[in-house]
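What you see is a predicted model; the values in this text were computed from it and never measured.
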Amino acid sequence: MTPRTPALAARGLLDEAAQLLRLARFGLGRGGRDTRRPSPVPENPRFASARAAVARIPDGAVVAVSGLGAQQRASVLYRALRESFLETGHPRGLTLVNVGGHGSRGLLAGTLDELAVDGLCARLVTSHFETFHGFLALAARGRCELQCLPLGVLARLYAGQARGETSLVSEVGLGSFLDPRTGRGSAVGRRSRETLVRAARGGLRYRLPPIDVALFNLPAADRRGNLYAKRAATTGDALEIARAAKRNGGSVIANVGLVVDPGHGRVFLPARSVDAIVVDPDTEQAPGFSHRAPWLALTAGRRSAVGRALGRVRAAQRLGELTGGLARRTPLDEALLRLAAATLAAEVRRGARVAIGTGLPEQLPRVVFEHGGLRDFCFLVESGAIGGLPLSGVYFGASVGPEEIVSPAELFRRVERRLDAACLGALEVDARGDVNVSRRGRGARGFVGPGGFMDFTAAARTIVFVSHWMRGGRIDLAGAEVRLRRLGTPKFVARVGEVTFDAARALRAGKRVLYVTPIGVLRLTARGLELAAVMPGVDVRRDVLRAAPGARIRLPASGEVPVVPRAVVTGEGFSPRPTGRS
């Protein structure tokens, strides 16, 4: 790990303090947007106030919104839609489509949860529901229909509509809860009466209602109405949903932060493809940063001080922990992440393309960077950032110094061609090796959704799941050893509550599948789960076999279980350099 000098440490603390203030200002100020702010380009009728722009949206429209997590929020448009409905009752009965995670767990205004108003939206189609607290509450009362599609499938359906295609056949989701032969299909909750997926030869046939309106946030527009993506942290699905809406005879509404001169850069979307442009100077490039003063480290082709960027991310993590939106990371989590990095490095070659999922895996690239291995991997995330250092928490979806920023549709097109490994989370794992990441509990409120999980597991040659060993209980670090002090509820069980990953299908496809936990590493075999390595200090029979009896974990044929190197636990001398086969 690179040592920090006192000067660097002091600068890091100042950066973190400044970032906390920036995030607080943006978070607290999100409710005060002026949706009737007049156009700064009165000579061009494409420019309009937010309220005038959303007046173009008819009742019952299918509205596709670009953005993932906290990235690319077109907050002024969400606020204008809400205000319009509360004041006039229109537009109403909308179908809202978004690739996922574009809410705020009920903690902030300015997210897509602004539209979780009874009567405004009749249906939400997305891949990841956990941050959409308002919509989940509506669905629990039977006031909103929820439909779940895998993130990569949804992104490619956008691209298909732009080409005039109405459906997509894919192997993604086979054997899961989405497969009508093994599960319920795409419907979530008691109001959902139809499914957007059915069985087909060679896979599952997915469909999406025709997009009528595209909404998105981009950095800038010139006075002619051309749109630019220069200095964007993500561009999301903006291009695909705009083309789909226009092909379907609908409208394209863009929210930008800047008005620039023609020739500002490569035109991302020409004026002829845009119906309304709303200029809001506080439009975000990323959480806490406007397009007027962007965080340049997040833009493609920039070589940046990663350490300084991580200081800003740590500040956001602390704020998330204080507000209850993010889990607190512990020294045991750091040891777990080093074990995940070591496991991944043993499976892949230098330069491997590795997809990073949400949850614990979000932190893995940071651990790899801190131990000098970032240049040995090409990390990518479902938003479309390729290379560089993927960020975590509220910045998940953005990367520091990415090589490229492409749309999710383009990312998953490339992933289908080659994905060496995926590092993903797990809520439950069972004796067959099946994984549940999509459901925490009963009903609509207990549903999470898969995000890009299914797309990545379908494509990856090697899959490394990272999970806590149990819920509750207590596991500590004692020097270079792991100690299970008190048992909790096992996460490795006899049968998962919902199948998001079909282990038998993965085995038949020749994939290598591993499960990394604080007690050690398990490997998927034809016999089920086999203990491949244990952390120092772990008692195999007491802490593994007896602690998770339902999972029926087996020992190696020799009966001897390798012990994880001390460096993984302590971090001293740890190096995550790839040495594997793929």
Side-chain angles (χ1 to χ4, degrees), residues 46-68 71-82 84 91 93-100 102 111-112 114-115 120-121 123-127 149 151 154-166 207-221 225-229 232 234-257 267-280 283-284 383-384 406-410:
R46 281 192 175 87
F47 287 82
S49 70
R51 286 296 295 271
V54 302
R56 306 179 64 94
I57 301 175
D59 292 350
V62 176
V63 181
V65 179
S66 181
L68 183 147
Q71 310 306 321
Q72 211 188 6
R73 295 185 291 210
S75 299
V76 69
L77 297 180
Y78 312 154
R79 174 51 55 94
L81 268 170
R82 180 187 178 95
S84 177
L94 302 179
T95 290
L96 196 65
V97 188
N98 172 255
V99 291
H102 214 39
T111 76
L112 215 51
E114 292 269 9
L115 308 188
L120 172 54
C121 288
R123 177 166 57 172
L124 172 66
V125 183
T126 190
S127 73
L149 295 176
L151 192 152
L154 186 49
R156 285 178 290 159
L157 282 167
Y158 291 159
Q161 280 200 22
R163 297 188 297 267
E165 299 165 5
T166 59
R207 65 181 176 86
L208 184 68
I211 294 168
D212 300 308
V213 180
L215 294 183
F216 50 84
N217 155 357
L218 285 175
N226 299 306
L227 302 182
Y228 299 88
T234 60
T235 57
D237 312 285
L239 197 61
E240 287 83 2
I241 62 175
R243 288 173 173 171
K246 297 306 287 185
R247 188 175 190 103
N248 295 334
S251 299
V252 175
I253 303 174
N255 165 212
V256 302
V267 172
F268 184 82
L269 200 64
R272 65 179 179 275
S273 299
V274 186
D275 296 286
I277 301 170
V278 177
V279 181
D280 177 11
T283 300
E284 288 180 320
S383 62
V406 299
S407 71
E410 172 61 17

Margin query: With a 4.5 Å cut-off on side-chain heavy atoms, are Val256 and Thr283 touching?
Written below: no
Checklist line | Non-hydrogen side-chain atoms of Lys246 and Asp275 separated by less than 4.5 Å | finding: yes
Note to self: I need the minimum non-hydrogen distance between Arg123 and Pro209, along with the two atoms involved.
What the structure shows: NH2-CG, 3.5 Å
Next item on the list: Any chance you could measure Asp237, atom CG, to Ser407, atom OG, to the nearest 0.5 Å?
Entry: 7.0 Å
Margin query: If I take atom CD from residue Gln161 and atom CD from residue Glu240, how far apart are they, to the nearest 0.5 angstrom?
Written below: 12.0 Å
Notebook entry, point to check: Does some side-chain heavy atom of Leu215 sit less than 4.5 Å from a side-chain heavy atom of Leu81?
Noted result: yes
Margin query: Would you compute the distance between atom OG1 of Thr111 and atom CZ of Arg73 and round it to the nearest 0.5 angstrom?
Written below: 7.0 Å
Notebook entry, point to check: Do Leu157 and Leu149 touch side chain to side chain, with heavy atoms closer than 4.5 Å?
Noted result: yes
Checklist line | Interatomic distance, Leu112 atom CG to Asn98 atom CG [nearest 0.5 angstrom] | finding: 5.5 Å
Next item on the list: Can you run down the side chain to side chain donor-acceptor pair (under 3.5 Å) pairs that involve residues 55-66, sequence neighbours left out, and say none if there aren't any?
Entry: Asp59-His90, Ser66-Gln72
Next item on the list: Please tell me if the side chains of Leu115 and Val63 come closer than 4.5 Å, counting only heavy atoms from C-beta onward.
Entry: no
Check: Can you find a heavy atom in the side chain of Val252 that is under 4.5 Å from one in the side chain of Phe216?
Finding: yes
Notebook entry, point to check: Measuring from Leu227:CG to Leu218:CG, what's the distance to the nearest 0.5 Å?
Noted result: 6.0 Å
Item checked: Qualifying salt bridge (charged side-chain N to carboxylate O under 4.0 Å, His left out) pairs, either residue in residues 248-257, two or more places apart -> none
Notebook entry, point to check: Looking at residues at least two apart in the chain, or sitting in another chain, which of them share a salt bridge (charged side-chain N to carboxylate O under 4.0 Å, His left out) with Arg51?
Noted result: Glu83, Glu87
Checklist line | Any side-chain heavy-atom pair of Tyr158 and Leu208 under 4.5 Å | finding: yes
